[in-house]
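A quick write-up on the structure given underneath.
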Amino acid sequence: MDITATKPAIDPRRYFESARPDNDAPAQLPVCLYLETTNRCNLLCTTCPRTYEELEPPADMSWELFTAIVDQIPNLSRAVLHGVGEPMLVKNLPRMVRYLKDRGTYVLFNTNGTVLNEKNGRALIGAGLDELRVSFDAADAASYRAIRGKNYFHRILKNVRAFRELQEREGHDKPRVSAWLTGMRETVEQLPDFVRVAAATGVKEVYLQRLVFFAENAIGKARPDQALYEQMSSDEATYIERAAKLAASLGMTFSASGAASEPGMSLKRSDSGSPWSLCRRPWTVMYITANGRALPCCIAPFSQRGYENYTLGDATQQGLREIWSGAAYRDFRRSLKSDQPPDACANCGLRWSL
């Protein structure tokens, strides 16, 4: 395949905003892929289901599976190289980034920053990574350990600071680096301090993301009573206002309201009582696990237990177009348009929104 001859990628923002669920088997393949490069992780986060149960057999996505998937969408606009694991544990990660960048794809992933050393950082810069999202999730070591299960807070700050200094010193604009905090009642008062911590590491963008939790049999700290979405007190709102003002004074970008995983994909509460019907992910996005399982989106593993409930295909046995147009995907899309959506989607826009 001559990668230099590929057509310009579709603008994902325009596509997401214009996508309409007019049919149950769209001719257009997904413009965004979530490729779970690994389901292994070196932390024990109290907001992540993989801490409490084995979702799939431990695996890194093989190079053969990765390239087979990517080659089926030569004009892919956006690739997100994370799932329920830590991408930077994968030896082939920079090679994967480069493979996508050679095809004109925008590439990003979330990391916990624990192994962001100089060697790994230079490899990602050299590969052309567009965006690096670091999940700090706390403003101090004690809170970090309580939420993320291990005492790596100071290591992460050191790693991110060194990486940003490297970028500044050598004039590397990419990847864009941002700091992320999961919104929880337990830590929302730390938000202004979180902005200060991010600023001290040289990060210019801070995001507060909404907590996703199981409605029943909640795990760890991913519980309804920890969520802020549509049940925030005036005191909690004040912390966000303070953080926003502080960020502005420091020349930083700050977002705490509906930041989306993909451009144009943020869901807002609908008076119709069916906000899930606004979702365009099953028409525009596909998530492939490290073992090749096709899921509807990155929220599903956090919203309903049991991958068997929302598995839509197997990329090790089927082509993407076969999965995309297959009976399971068609049924899923049809259900999402009804007043009885799939269980994994039923609370999206009600209890949480990303």
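This is a predicted model, so every value here is computed, not measured.
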Glu205 side chain reached by Arg176 side chain, heavy atoms, under 4.5 Å: yes
Rounded to the nearest 0.5 Å, what's the gap from OG on Ser143 to CD on Gln190? Could you check? 3.5 Å
Can you check whether Ala198's main-chain N or O pairs, donor with acceptor, with Thr201's side chain at less than 3.5 Å? yes
Evaluate Arg78 against Leu108 for side-chain contact (heavy atoms from CB on, under 4.5 Å), listing each step before the verdict. CA-CA 8 Å; Arg78 186 177 176 90; Leu108 69 118; 3.5 Å; yes
CD on Gln167 to NZ on Lys174, rounded to 0.5 Å: 11.5 Å
Step by step, work out the side-chain contact (heavy atoms from CB on, under 4.5 Å) result for Leu81 and Leu93. CA-CA 8 Å; Leu81 303 184; Leu93 186 64; 4.0 Å; yes
Using modelled atom types only, decide if a donor and an acceptor are shared between the side chain of Lys101 and the backbone of Thr105 within a distance under 3.5 Å. yes
Are any non-hydrogen side-chain atoms of Arg305 and Glu53 less than 4.5 angstrom apart? yes
Tell me, do Phe254 and Leu191 make a side-chain contact under 4.5 Å, heavy atoms counted? yes
Out of Leu100, Asp130, Leu76, which residue meets the side-chain contact (heavy atoms from CB on, under 4.5 Å) rule with Tyr106? Asp130
Honestly curious: do Leu55 and Leu44 fall in one hydrophobic cluster under the side-chain, below-4.5 Å linking rule? no
Using atom types as modelled and distance alone, determine if a side-chain donor or acceptor of Thr284 lies under 3.5 Å from a backbone N or O of Arg280. yes
Is the shortest distance from a Lys or Arg side-chain nitrogen in Arg164 or Glu168 to a carboxylate oxygen in the other one below 4.0 Å? yes
Atom CD1 in Ile73, atom CG in Leu33: separation rounded to 0.5 Å? 4.0 Å
Is there a donor-acceptor contact under 3.5 Å from the side chain of His82 to the main chain of Asn110? yes
Heavy-atom pair with the smallest gap, counting every atom of Thr289 and Tyr307: CG2-CE2, 4.0 Å
Considering only NZ, NE, NH1 and NH2 on the basic side and carboxylate oxygens on the acidic side, decide whether Asp314 and Arg293 come within less than 4.0 Å. no
Side-chain H-bond candidate by donor/acceptor type, Asn112 with Asn42, under 3.5 Å: yes
Using modelled atom types and a 3.5 Å cut-off, is there a donor and acceptor pairing between side-chain atoms of Asn39 and backbone atoms of Ala59? yes
Heavy-atom count around Gln340 CD within 6.0 Å, excluding the residue itself: above 12? no
Return the minimal non-hydrogen interatomic distance between Leu320 and Ala315, and the atom names on each side. CD2-CB, 4.5 Å
When you compare the side chain of Ile288 with that of Met61, does any pair of heavy atoms fall below 4.5 Å? yes
Taking every heavy atom of Ser178 against every heavy atom of Tyr207, the minimum-distance pair comes out as CB-CE1, 3.7 Å
Side chain proximity check, Tyr287 to Cys32, heavy atoms < 4.5 angstrom: no
Anything under 30° is parallel, anything over 60° is perpendicular, the rest tilted; go ahead and classify Tyr144 against Phe153. tilted
Just say parallel, tilted or perpendicular for the rings of Phe136 and Phe194, cut-offs at 30° and 60°. perpendicular
Spell out, as yes or no, whether a donor-acceptor pair under 3.5 Å connects the side chain of Thr38 to the backbone of Arg40. yes
Answer whether the closest heavy-atom distance between the side chains of Met88 and Phe109 falls below 4.5 Å. yes
Establish, from distance only, whether the side-chain atoms of Thr111 and Glu86 form a donor-acceptor pair under 3.5 Å. yes
Close side-chain approach of Pro87 and Met96, heavy atoms under 4.5 Å: no
If you measure from CZ on Arg330 to CH2 on Trp324, what distance do you get to the nearest 0.5 Å? 13.5 Å
Donor-acceptor contact present, side-chain Ser335 to main-chain Phe332, <3.5 Å: no
Do you know the tightest heavy-atom contact between Ala179 and Val203? N-CG1, 3.7 Å
Output, in order, the C-alpha distance, side-chain angles, deciding distance and verdict of side-chain contact (heavy atoms from CB on, under 4.5 Å) for Glu189 and Arg242. CA-CA 10 Å; Glu189 67 181 40; Arg242 290 177 184 171; over 6 Å; no
If you apply the rule side-chain contact (heavy atoms from CB on, under 4.5 Å), what do you find for Arg50 with Cys45, and how did you get there? CA-CA 8 Å; Arg50 76 165 303 285; Cys45 299; over 6 Å; no
Any donor-acceptor pair under 3.5 Å linking the side-chain atoms of Tyr99 with those of Arg103? yes
Ion pair present between Arg334 and Asp24, side-chain N to carboxylate O less than 4.0 angstrom? yes
Gap between atom OG1 of Thr37 and atom CG of Asn92 - 0.5 Å precision: 10.0 Å
Minimum heavy-atom separation for Pro301 and Leu295, please, with both atom names. CG-CD1, 4.0 Å
Are more than 12 heavy atoms, taken from residues, nucleotides or ligands other than Lys245, located less than 6.0 Å from that residue's NZ atom? no
When rounded to the nearest 0.5 angstrom, what is the spacing between CD in Glu56 and CD in Glu36? 6.5 Å
What heavy-atom pair brings Tyr329 and Pro282 nearest, and what distance separates the two atoms? CE2-O, 3.8 Å
With Ile125 as partner, the option from Asn120, Leu166, Val97 fulfilling side-chain contact (heavy atoms from CB on, under 4.5 Å) is Leu166
With distance as the sole test, does Gln304 use its side chain to make a donor-acceptor pair with the main-chain N or O of Ala300 at under 3.5 Å? no
Considering only heavy atoms from C-beta outward, does the side chain of Leu65 approach that of Thr316 to under 4.5 Å? yes
